[in-house]
Amino acid sequence: MNRVSPATYKWGDNPQWAKANKTTGAFSIASGLIGTTCGCIKACTDEASFLNKFFGFIQSISYGFRNFFQYSIYSRKEDDDLGEDIHKRPLAAKFGEVACFIEKKINLKTVNSYSV
């Protein structure tokens with residue numbers, strides 16, 4: 001893979017990848033931090049309380065979105081890891097596509113169907 005230039009946000013000759021990665025990565029880290037914060041608060045509450053269930057719900061949703069954003073970065077076929085794997089390691093690319101599908105579609109729907 002090519003090195004990302006922090007000054008111009010370019011991956012090789014592709015500035016769209018860097019801009020998408022910067023935005024999607026920011027959403028991913030924000031979702032992860034929200035989930036972690038909710039998990040810490042949840043750990044400090046009584047397991048039978050409404051707050052525990054509420055923060056567990058928010059934590060699950062946050063981690064679901066974090067997975068969605070994280071795997072959206074990897075699954076860009078034209079210019080990210082998956083694109084390179086398709087050309088250099090086709091078997092790894094197939095496993096990567098399955099993992100991305102599960103994380104982006106199945107796990108997110110499972111999290112969104114979670115009820116308080």
Side-chain angles (χ1 to χ4, degrees):
M1 287 184 61
N2 292 329
R3 184 173 153 257
V4 175
S5 169
T8 58
Y9 297 109
K10 290 178 80 174
W11 183 80
D13 295 325
N14 190 351
Q16 288 80 21
W17 173 86
K19 289 176 184 173
N21 196 6
K22 181 180 175 186
T23 303
T24 307
F27 289 139
S28 178
I29 195 166
S31 299
L33 290 172
I34 290 168
T36 301
T37 303
C38 288
C40 291
I41 294 170
K42 178 183 148 193
C44 296
T45 61
D46 183 33
E47 286 185 25
S49 70
F50 172 77
L51 281 177
N52 187 281
K53 292 178 183 175
F54 175 76
F55 283 113
F57 175 72
I58 300 298
Q59 179 185 22
S60 296
I61 288 177
S62 298
Y63 285 153
F65 279 111
R66 185 244 173 239
N67 288 345
F68 176 79
F69 292 128
Q70 189 68 30
Y71 284 92
S72 292
I73 293 171
Y74 173 79
S75 64
R76 289 174 54 103
K77 289 184 181 180
E78 62 275 359
D79 55 11
D80 207 310
D81 292 340
L82 184 57
E84 185 174 345
D85 284 348
I86 288 172
H87 298 293
K88 293 183 179 176
R89 304 179 316 161
L91 184 61
K94 293 291 181 197
F95 282 112
E97 287 176 327
V98 170
C100 287
F101 176 80
I102 290 170
E103 289 297 333
K104 287 170 51 181
K105 306 294 182 185
I106 296 172
N107 283 353
L108 188 60
K109 287 181 182 176
T110 304
V111 166
N112 287 335
S113 66
Y114 180 78
S115 62
V116 176

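Atom CG of Asn52 is separated from atom CZ of Phe50 by 11.0 Å, given to the nearest 0.5 angstrom. Atoms SG and CZ, from Cys44 and Phe55 in turn, are 10.5 Å apart once rounded to the nearest 0.5 Å. Note: Arg89 CZ to Lys94 NZ = 14.5 Å, rounded to the nearest 0.5 Å. Note that SG of Cys40 is 8.5 Å distant from CD of Gln59, once rounded to the nearest 0.5 Å. Remark: Lys53 NZ to Glu47 CD distance equals 10.5 Å, nearest 0.5 Å. Atom CD1 of Ile41 sits about 11.0 Å away from atom OG1 of Thr36, to the nearest 0.5 Å.
The environment of CD1 in Ile29 is sparse: at most 12 heavy-atom neighbours from other residues, nucleotides or ligands sit within 6.0 Å.
Gly32 and Tyr63 make their closest contact through O-CE2, 3.8 Å (heavy atoms, listed as atom of the first residue, atom of the second, distance).
Side-chain heavy atoms closer than 4.5 Å link hydrophobic residues (I, L, V, M, F, W, Y) into clusters, and following such links, even through other members, never connects Ile102 to Phe95. Val98 and Leu91 fall into different hydrophobic clusters, where Ile, Leu, Val, Met, Phe, Trp and Tyr side chains are chained together by heavy-atom contacts under 4.5 Å.
Annotation: side chain to side chain contact (heavy atoms under 4.5 Å, CB included) contacts of Ile58 (sequence neighbours excluded): Ile34, Cys38, Phe54, Ser62. Residues satisfying the side chain to side chain donor-acceptor pair (under 3.5 Å) test with Ser49, not counting sequence neighbours, are none. Qualifying side chain to side chain donor-acceptor pair (under 3.5 Å) partners for Ser28, counting only residues two or more places apart in sequence or in other chains: Gln70. Annotation: side chain to side chain donor-acceptor pair (under 3.5 Å) contacts of Thr37 (sequence neighbours excluded): none. Residues passing the ring pair (Phe, Tyr, Trp, His ring centres under 6.0 Å) test with Phe69 are Phe27, sequence neighbours excluded.
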